[in-house]
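Right, one structure below, let's go through it.
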Amino acid sequence: MRLGRIASPDGVAFVSIEGDGDAATAREIAEHPFGTPTFTGRSWPLADTRLLAPILASKVICIGKNYMAHVQEMAGDEATRSSTSGAVEAPENPVIFIKPNTSIIGPQAPILRPKSSNRVDFEGELAIVIGQPCRDVKAAKAKDVILGYTIGNDVTARDQQKADGQWTRGKGYDSFCPLGPWIETDLDPADLEIRTELGGEVKQRSRTSLMLHDVGEIVEWISAVMTLLPGDVILTGTPEGIGPMAAGDTVSVTIEGIGTLTNPVADRG
Ligand code: MG
């Protein structure tokens, strides 16, 4: 099922999106999309609605340094170098951090560059959406607690990430977590192409099979720390090719089997 959240002339609703292109229809889901959704009977042509961020998350948990080629491109950061050999090393365990849920925006909403930063980067990432309350989930059981997968952009004020020594400010600005365009519930995340384009130019191209820690390991690691709630989002890390965005740019992240998340970039007033 393809689950979305829309603004229609009749209000905001969770929907099941059926069909493709101009013929796509949004069927309204009663209340919420968890478990077995029930339908209200109302529907709209998708083209007459506006897609919002597909889920309401209590928190967004992110994985840092989950693709080796990205670890290498970040190697100027001393933390990625062995203290003894100086070699670039991947972290043994997942590195996690949180973006506030107020950073979430939907497709086509503008990413706003704060005046306090002079470098705001895109990071295209596969996003896991949790489907039920859970804690201490073993990797082999992760599928049971996952509602589906969407696309995320872990927007980062790179200068502040480096200056602060931890990432809350650099990753936490309003609009720094675009999500969408929808959630695919029937998707094997093991080996999907992930691609980020800036103004139509390909900047990142990789495959989810190159993650250092896969979806199951990530859910096990995070759920051993904190309870995950329905709608919580996990961003699984970005591949190599990160770079800055300027006002007036358009950034698109495409993941095979899901679709494309596109956002314009503007300066925050
Ligand atoms: Mg990231």
Side-chain angles (χ1 to χ4, degrees), residues 53 55 57 59-77 79-80 88-91 93-105 111-114 117 119-130 149-180 189 192-198 203-215 217-219 221-222 225 232-245 251-255 258 261 263 265:
I55 202 68
K59 54 189 172 292
V60 180
I61 310 100
C62 308
I63 308 295
K65 299 174 184 168
N66 201 25
Y67 289 79
M68 193 59 207
H70 174 59
V71 175
Q72 286 163 341
E73 76 178 347
M74 296 293 284
D77 173 357
T80 61
V88 177
E89 289 181 341
N93 292 316
V95 174
I96 65 173
F97 60 97
I98 281 186
K99 287 166 99 80
N101 60 5
T102 42
S103 63
I104 296 171
I105 58 172
I111 295 165
L112 298 175
R113 295 166 14 117
S117 172
R119 181 166 164 169
V120 175
D121 284 8
F122 55 82
E123 294 190 359
E125 309 198 5
L126 174 72
I128 303 166
V129 181
I130 296 296
Y149 300 89
T150 187
I151 301 168
N153 189 340
D154 176 20
V155 177
T156 302
R158 193 69 67 197
D159 49 349
Q160 296 179 8
Q161 179 193 26
K162 287 183 176 162
D164 289 4
Q166 51 80 33
W167 306 349
T168 305
R169 183 170 67 128
K171 300 272 193 179
Y173 285 92
D174 288 3
S175 81
F176 272 27
C177 189
L179 293 176
L192 305 173
E193 189 189 68
I194 175 165
R195 189 172 77 243
T196 305
E197 295 177 28
L198 189 68
K203 298 289 190 181
Q204 297 186 286
R205 176 175 271 160
S206 187
R207 302 196 70 83
T208 57
S209 51
L210 295 173
M211 284 183 190
L212 298 170
H213 303 282
D214 67 17
V215 164
E217 293 174 78
I218 288 169
V219 170
W221 183 258
I222 296 173
V225 178
D232 281 354
V233 170
I234 300 172
L235 299 186
T236 56
T238 199
E240 72 278 19
I242 55 150
M245 301 176 290
V251 62
S252 293
V253 185
T254 300
I255 297 181
I258 304 177
L261 169 66
N263 296 91
V265 182

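We count residues from 1, following the sequence as given. When reading the values below, keep in mind they use all heavy atoms of this one structure, side chains included, and skip hydrogens, waters and symmetry mates. In listed order, ligands and their atoms are each counted from 1.
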Should the pair D232-K59 be classified as a salt bridge under the 4.0 Å nitrogen-to-oxygen rule?
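A salt bridge links D232 with K59.
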Show all protein N/O/S atoms under 2.8 Å from the Mg ion (ligand 1), or state that there are none.
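Protein N, O or S atoms closer than 2.8 Å to the Mg ion (ligand 1): E123 OE1, E125 OE2, D154 OD2.
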Going by distance alone, is a donor N or O of one side chain under 3.5 Å from an acceptor N or O of the other, for D159 and S117?
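Short answer, yes.
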Donor-acceptor pair between Q204 and Y67 side chains, under 3.5 angstrom
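No, no side-chain donor-acceptor contact under 3.5 Å.
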On a heavy-atom basis, which atom in [X] and which in [Y] lie closest, and how many Å separate them?
{"X": "L261", "Y": "I151", "answer": "CD2-O, 3.6 Å"}
{"X": "P178", "Y": "N263", "answer": "CB-OD1, 3.3 Å"}
{"X": "T150", "Y": "I258", "answer": "O-CD1, 3.7 Å"}

